Asks: 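Can you read through this structure? Questions will come right after.
None of the values given here were measured: they were computed from a predicted structure.
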Amino acid sequence: MQQDSLYRVIWRWHFYAGLFVIPFIIILSVTGSIYLFKPQIDQFQEREWRGLDAEQMVTVDEQFRAMQSSYPDAIFHHYRLAKNDNDAAIFHIGLADDSGMRDIYVAPDAMVLAAVDPESRISNFVAKVHSSLLIGSFGRYLVEIAASWAIIMIISGLYLWWPRQRKMGGILWPRIMTGKRIFWRDIHAVTGFYASGLALILLLSALPWTQGWASGFNMLRAEMGWVNQQKQDWRSVQPSEIQSMEVEPLHIEHDHQEMLRYAKLNKDNVRSGGITLQRLDRIARQEQFSYPIIIRPKEVFKNDQKLFSREWKLSSQTQDRPLRRSVSVDGVSGDIIARSEFTDRHIIDQIISYGIAWHEGQLLGWFNQLIGVFTALALVILCYSGIRMWWHRRPKASDALSNKILGRKAHIADKIGVPPMPKTMPSLKLIGAFLTLCAILLPAFGASLLLILIVDFAVKTMKTA
């Protein structure tokens, strides 16, 4: 009896969480599946600037000068190496008068081919929907809350799935010939069982990118000494930190307005004389970095079509983060003055980087992408089957008519088909301890749960008044 009462309580809250989570999970699953193929999508969008027929090849410095002649007032931010000799070089610049960022494609013969707004990239748009629902910081908090509740839903779903009988039908495989209601219940339970581990990895690996959780985790890292001289390799930098230059915005490429602001902060740091882009290009290729490869000056500015910097950073920006490496080059002598390897990072950073590479589908190549698509598809099936389960057990119009005839007032929870509360409440000490632990580890979940409990208490108080 106690177990049955506990089951019903968890089932009820599992249902409530689903009402909130399902729309977000569908959006995140669809956009996440698309973003898994970012390298292929970006390559497709750049297809017309690859494999070009050029009668003569010029140096990268001549390509840069051609770009700067076309955009004399622009702020140079970084140069992305062409992967093949016949591919266009890409110069990332900030336009004059704060009018945005542009990727300038320059052919091997120094012809300026195109200026592309990075915001127009399909992968960039998908990433924005996936991370913020296109509504900024508020959207990022909503996504974080939804992801936190989804974690709780998976754990509670496993409890509801847990076999309480020896028969494996509905546990390891769905029962097909038992009616629609049981069929969709089995699809929901069996899919949840097989996909739960992968879904939890996907959700947990996304937490370092969130708004609130990442900030708290970074404070914990600093307090516990889980940091070293290497900067973290994921973005949780706030605009205020960028403006004050307290941290280096390593993943600011996802926010081009902040990138432009960061570049402008350094545009007047001038040093006469210096190494050429052509030589930096050669050093980067000798290092055999994984593509894409970025060459970024430490100080960024424009000065009579000449480019100077005290120090340059040459780095791989591959999404397979364990393969990322970088070197710092002296801007005058061209000597390598520092190296950064993945193994130099703190073990916590390495673990998170592995998780992020898995999350983006790049850790194990195409196999990782397929697993990511399978996980996202399973989450969509869970959402759809959950809706179908509700549809088959929802209150019918005849029930409402009967209540009206008999003069019974149905509670709103009964009207929408919320699983009923047990007649006798079980001991909630274990659940309380579990929820407290989850609230500590997932602050967004804790804050939203507290708000729900306050609202629920207020509604009950108003009813009894």
Side-chain angles (χ1 to χ4, degrees), residues 38-39 42 60 77-83 90 92 201 204-209 214 217-218 220-237 241-242 245-254 259 262 266 275 277-300 309-365 367-368:
K38 179 183 184 299
D42 288 348
V60 175
H77 188 75
H78 68 239
Y79 156 60
R80 194 177 99 199
L81 274 67
K83 191 171 184 178
I90 301 98
H92 196 67
I201 292 173
L204 291 172
S205 62
L207 292 177
W209 283 329
F217 181 68
N218 287 338
L220 177 65
R221 287 173 69 239
E223 189 68 27
M224 297 297 292
W226 297 342
V227 294
N228 54 25
Q229 293 181 347
Q230 302 297 321
K231 302 288 194 303
Q232 68 184 44
D233 199 20
W234 66 90
R235 183 181 186 271
S236 59
V237 178
E241 295 176 311
I242 294 168
M245 295 304 293
E246 294 173 0
V247 296
E248 180 184 358
L250 292 180
H251 244 288
I252 199 172
E253 66 266 22
H254 295 301
M259 184 188 292
Y262 172 64
N266 293 310
I275 193 171
L277 273 178
Q278 183 66 33
R279 186 174 175 187
L280 290 166
D281 182 288
R282 185 165 58 252
I283 294 173
R285 294 181 189 278
Q286 289 171 349
E287 288 291 323
Q288 297 184 330
F289 291 130
S290 297
Y291 281 85
I293 303 170
I294 300 297
I295 295 179
R296 186 194 309 272
K298 188 172 183 180
E299 296 92 16
V300 183
S309 178
R310 293 185 184 92
E311 184 180 318
W312 292 79
K313 184 174 181 180
L314 288 54
S315 62
S316 164
Q317 291 297 306
T318 174
Q319 286 179 273
D320 189 355
R321 281 170 168 72
L323 297 181
R324 285 189 175 184
R325 298 186 297 115
S326 67
V327 297
S328 295
V329 177
D330 184 273
V332 177
S333 67
D335 296 332
I336 295 176
I337 56 179
R339 289 183 178 274
S340 174
E341 304 287 342
F342 180 74
T343 52
D344 296 332
R345 300 187 178 279
H346 192 279
I347 185 63
I348 297 295
D349 289 2
Q350 291 185 38
I351 293 171
I352 291 177
S353 293
Y354 274 113
I356 291 175
W358 176 270
H359 189 96
E360 291 186 330
Q362 303 304 313
L363 185 62
L364 301 175
F367 176 75
N368 197 166

Asks: Side chains of Val327 and Trp312, heavy atoms from C-beta outward: is any pair under 4.5 Å?
Replies: no
Asks: Looking only at heavy atoms, which two atoms of Pro322 and Ala357 are closest? And how far apart?
Replies: CD-CB, 4.1 Å
Asks: Is there side-chain contact between Thr318 and Arg324, with heavy atoms separated by less than 4.5 Å?
Replies: yes
Asks: Which pair of heavy atoms, one from Tyr291 and one from Leu81, lies closest together, and at what distance?
Replies: CE2-O, 4.1 Å
Asks: Locate the shortest heavy-atom distance separating Arg321 from Glu360; write the atom from each residue and the value.
Replies: NH1-OE1, 3.0 Å
Asks: Distance from Leu364 atom CG to Trp358 atom CH2, nearest 0.5 Å?
Replies: 5.5 Å
Asks: With the threshold set at 4.0 Å, does a side-chain nitrogen-carboxylate oxygen contact exist between Asp344 and Arg339?
Replies: no
Asks: How long is the gap from OG on Ser326 to CD1 on Ile295, to the nearest 0.5 Å?
Replies: 12.5 Å
Asks: Just verifying a value: how many Å separate Ile348 CD1 and Ser353 OG, rounded to the nearest 0.5 Å?
Replies: 11.0 Å
Asks: For residues Arg279 and Arg282, determine if any side-chain heavy atom of one lies less than 4.5 Å from a side-chain heavy atom of the other.
Replies: yes
Asks: Going from CD1 on Ile294 to NZ on Lys313, what distance comes out if it is rounded to the nearest 0.5 angstrom?
Replies: 11.0 Å
Asks: Heavy atoms only: give me the nearest Ala284-Ile293 pair and the separation to one decimal.
Replies: CB-CG2, 4.0 Å
Asks: If every non-hydrogen atom of Pro208 is compared with every non-hydrogen atom of Ile352, which pair is closest and at what distance?
Replies: CG-CG2, 3.6 Å
Asks: Looking at Glu287, is its backbone amide N or carbonyl O close enough to the side chain of Arg325 to form a donor-acceptor pair, meaning the two atoms are under 3.5 Å apart?
Replies: yes
Asks: How are the rings of Phe342 and Tyr354 set to each other: parallel, tilted or perpendicular (split at 30° and 60°)?
Replies: perpendicular
Asks: Calculate, to the nearest 0.5 Å, the distance between atoms NE2 and NE2 belonging to His78 and His92 respectively.
Replies: 5.0 Å
Asks: Without swapping roles, check the side chain of Gln319 against the backbone of Gly361 for a donor-acceptor pair under 3.5 Å.
Replies: no
Asks: Do you know the tightest heavy-atom contact between Leu314 and Leu280?
Replies: CD2-O, 3.4 Å
Asks: Tell me if a side-chain donor or acceptor on Gln278 pairs with a main-chain N or O of Val60 at a distance below 3.5 Å.
Replies: yes
Asks: Looking only at atom types and distance, does a side-chain atom of Asp281 sit under 3.5 Å from a main-chain N or O of Leu277, one as donor and one as acceptor?
Replies: no
Asks: What distance separates Ile356 CD1 from Leu363 CG, expressed to the nearest 0.5 Å?
Replies: 11.5 Å
Asks: Examine distances only and state if a side-chain atom of Asp330 and a backbone atom of Val332 form a donor-acceptor pair shorter than 3.5 Å.
Replies: yes
